[in-house]
Every structure is written in C-alpha cells, then in structure tokens.
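Notes to accompany the following structure.
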Amino acid sequence: LEAWPRGEGPGELLEEPVGVGQTEVVERGIAAEWWLAVASRAPFVSTRVFVAAFVKSVSAQHACALWFFVPERYRAQPSVFMSHAWDGSMWDIRPPSSDDVVWIDTLAVNQHPVAVAEGSEGGGAAVAFADVAKIGDAVGRIGRTCVCVPGDAPLLPFSRSWCLYEVAKTPQEGLQLRVGWSVWSKKANRKMRRKVEALDVLAAQASSADDKTMIDQLVVKQFGSAGKASAALRQAIVAGFASAAREAYVDDTAADTSEQTAKIVGSGGLTHSDKEIVEMWRNAASTWDK
C-alpha cells in the first residue's frame, strides 16, 4: 500500500478523497484507462483479496468508496455496468473496447458499514452497507451490463446469486458477456462446454437465504421461468466463448512473417491446429441460438 503510486495519472490515487458524498452511486463511473492501469499491477489477484487488502485499507480512515480517491479527470458517467464474481481475477474485469467509462462495484460502492436511518431503502446487509441497496438501481439506469467470465471457469459469475441479480436487473437487449484470459486446450474447452450445458440458475448461492429467495424470484419474473433464464445465460456464455476463440485464432498456415508470429504469441497460442476449438464454440452458439 505504501508503494502504490499517488498522483493524477492512470491507476494512481489521490492522497485524500475528494467530494465524498456528493456523487450518486450510479454516477460513479471510472475511465477504462485508469482501471486497466490498476488491474495490470495485480492481474491475478482475486477481487475479494483486492477489496479486503487494498480497497478497505486505503479508504478506512474516511469510510468512503475508493472512487473518491480516483483523480477527478478519470471520473465520468458510466456507459456499462461491469458484473463479475469476487473470486475471479482483477484481469477478468476488462471493459469492452467500445466503452471508455465503466461502473465497477469495488470502486463505486462504499465497502465500509455506515449508520443509516431505520426503515431506509434495502434490508439485511444493505442496511449496514447503504450503497449496496442502490446497485439494482444503478444496473437499471445504466442500461447495459457486461458479465465478466473467467476463461477457465465459465460458470463462476453465475454460481453467485448477486451476479444473477445484476443480470435480472439488466434489460435483456443490454446484456453482453466478455470472456477473460482463457485456457486454450481441447480437453479444457470440452469440459467447460459440458459445464455450460449443465448451467442451472437456481443452483446459484448467496450468503443470505432471504437474498437467494428474493433473487430467484426476480430472475424467474425477468425471464419467464428458471429454465428460460438458464437457457438465455447458456447462450450468452457460448456466444462469448465463440467470440473469444475467433479473436484468439490465427491461421498459422499462411506465410509466416514476424508480424504473424507476434500475433500468434499474443493470442495465447490458439493456431490452426486448434481450429477445432473455434468450430466447437461457433457450432454450439449457432445450434443454441436456433
């Protein structure tokens, strides 16, 4: 923490928070440039560890969201809500290339309990963590949600009820899925596809039984049934993997050049011999879409 850069640049933090309490939770967007500079410093640290060891420590004295420590030049109205599992890595939370400003809960939400008036919005944990009660409103008002799926654990976000809550609060036309770093082996991808085929939204868990019941009911209401919700998410995951595989694939049977070799290395090694992986996800996406 002492070594973390302080200043006005990408990934840097202010010495003291600015504007605490003056900005609504939904408006706490952050420039993708700033966030990627943070994530690149600890790409494989889990979100849970990032919050416990970093976010809470930095903001403890002022009991505010880390967002208020972000230089003001990197604050703006968000265009997309980033939904992710806290057991996933920081690097999984990579914004879509089309979005310059994103909303991320670890930054926008105050991670410290605060006193709120009895009868205030929210219940359970949301009473102690007032910003949490406003996440659903933030999802709906932003209107677009990008679910960040770890490439080696495609069901991780959907194993937690709160990720499904964010999905259910999103207009269906505003939902997209982004696959993080991936394990490009045929065996691993076949295994992941089998897991996707078995996805059941009602199997998702929450620390509170009341939260799970509320979210299960909301998901069913949004999609029409648990079966339809599971099918919609399976299709979104498959489409995400198909897109990621296409982006990573390089036809190395073409004339080899230094540029071509660099593209192959940068893709993580998904080349002509692995074309079966590309076809597998593409065929699955086409079949399930029909």
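Nothing here was measured: the structure is a model prediction, and the numbers come from that model.
- At a threshold of 4.5 Å between non-hydrogen side-chain atoms, the residues Leu107 and Arg28 do not count as touching.
- Remark: Arg41 qualifies as a cation-pi partner of Trp4 under the 6.0 Å distance and 45° angle criteria applied to the six-membered ring.
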Show, in sequence, the C-alpha distance, side-chain angles and deciding distance for Asp87 and Ser46, and conclude whether the side chain to side chain donor-acceptor pair (under 3.5 Å) test is met. CA-CA 5 Å; Asp87 291 319; Ser46 73; 5.5 Å; no
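- In this structure, the side chains of Lys212 and Ser161 come closer than 4.5 Å at one or more pairs of heavy atoms.
- Neither side chain, Asp210 nor Thr213, offers a donor N or O lying under 3.5 Å from an acceptor on the other.
- Counting heavy atoms from C-beta on, the side chains of Phe81 and Asp105 never come closer than 4.5 Å.
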Go through the steps for Asp211 and Tyr165 under the test side-chain contact (heavy atoms from CB on, under 4.5 Å), then give the verdict. CA-CA 10 Å; Asp211 285 350; Tyr165 174 81; over 6 Å; no
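- By the rule that hydrophobic residues join a cluster once side-chain heavy atoms approach within less than 4.5 Å of another member, Val139 and Val220 end up as members of separate clusters.
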Check step by step if side-chain contact (heavy atoms from CB on, under 4.5 Å) holds for Glu24 and Arg141. CA-CA 12 Å; Glu24 284 190 73; Arg141 288 173 59 183; 3.2 Å; yes
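- Checked by atom type and distance alone, the side chain of Trp35 never pairs as donor or acceptor with a backbone atom of Pro10 at under 3.5 Å.
- Linking Ile, Leu, Val, Met, Phe, Trp and Tyr whenever their side-chain heavy atoms come within less than 4.5 Å leaves Val101 and Val147 in two separate clusters.
- Using a 4.5 Å heavy-atom cutoff, the side chains of Gln205 and Arg160 are in contact.
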With side-chain contact (heavy atoms from CB on, under 4.5 Å) as the test, would you mind laying out the steps for Gln111 and Val109 before giving the verdict? CA-CA 6 Å; Gln111 304 298 327; Val109 171; 3.8 Å; yes
Check against side-chain contact (heavy atoms from CB on, under 4.5 Å), Leu14 and Val70: CA-CA 6 Å; Leu14 300 174; Val70 175; over 6 Å; no
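- With a 4.5 Å cut-off on side-chain heavy atoms, Glu33 and Tyr74 count as touching.
- Of all heavy-atom pairs between Ala32 and Pro95, the closest is CB-CG, 3.8 Å.
- In this structure, OG on Ser40 lies 11.5 Å from CZ on Arg94, to the nearest 0.5 angstrom.
- Put simply, Val18 and Leu13 are part of two different groups of oily side chains (I, L, V, M, F, W, Y) that touch within less than 4.5 Å, one to the next.
- In terms of modelled atom types and a separation under 3.5 Å, the side chain of Trp34 and the main chain of Glu12 share a donor-acceptor contact.
- Using a 4.5 Å heavy-atom cutoff, the side chains of His84 and Thr47 are in contact.
- Side-chain atoms of Gln222 come within 3.5 Å of backbone atoms of Thr170 as a donor-acceptor pair (strictly under, hydrogens ignored).
- Contact record, Val25 with Trp103: O-NE1, 2.7 Å, taken as the closest heavy-atom pair.
- Seen from the ring of Trp67, Arg75 counts as a face-on cation partner, given the 6.0 Å and 45° thresholds.
- At a threshold of 4.5 Å between non-hydrogen side-chain atoms, the residues Val49 and Phe54 do not count as touching.
- Cluster membership for Leu156 and Val201, using ILVMFWY side-chain heavy atoms within less than 4.5 angstrom, is not shared.
- Among Cys148, Cys163, Cys146, the one residue that satisfies the side-chain contact (heavy atoms from CB on, under 4.5 Å) test with Ser83 is Cys163.
- Between Thr106 and Leu66 there is no side-chain heavy-atom pair separated by less than 4.5 Å.
- Scanning all heavy atoms of the two residues, the minimum distance from Phe69 to His62 falls at CZ-CD2, 3.9 Å.
- There is a side-chain donor-acceptor pair under 3.5 Å between Gln176 and Arg144.
- Not a single donor-acceptor pair under 3.5 Å links the side chain of Asn110 to the backbone N or O of Asp131.
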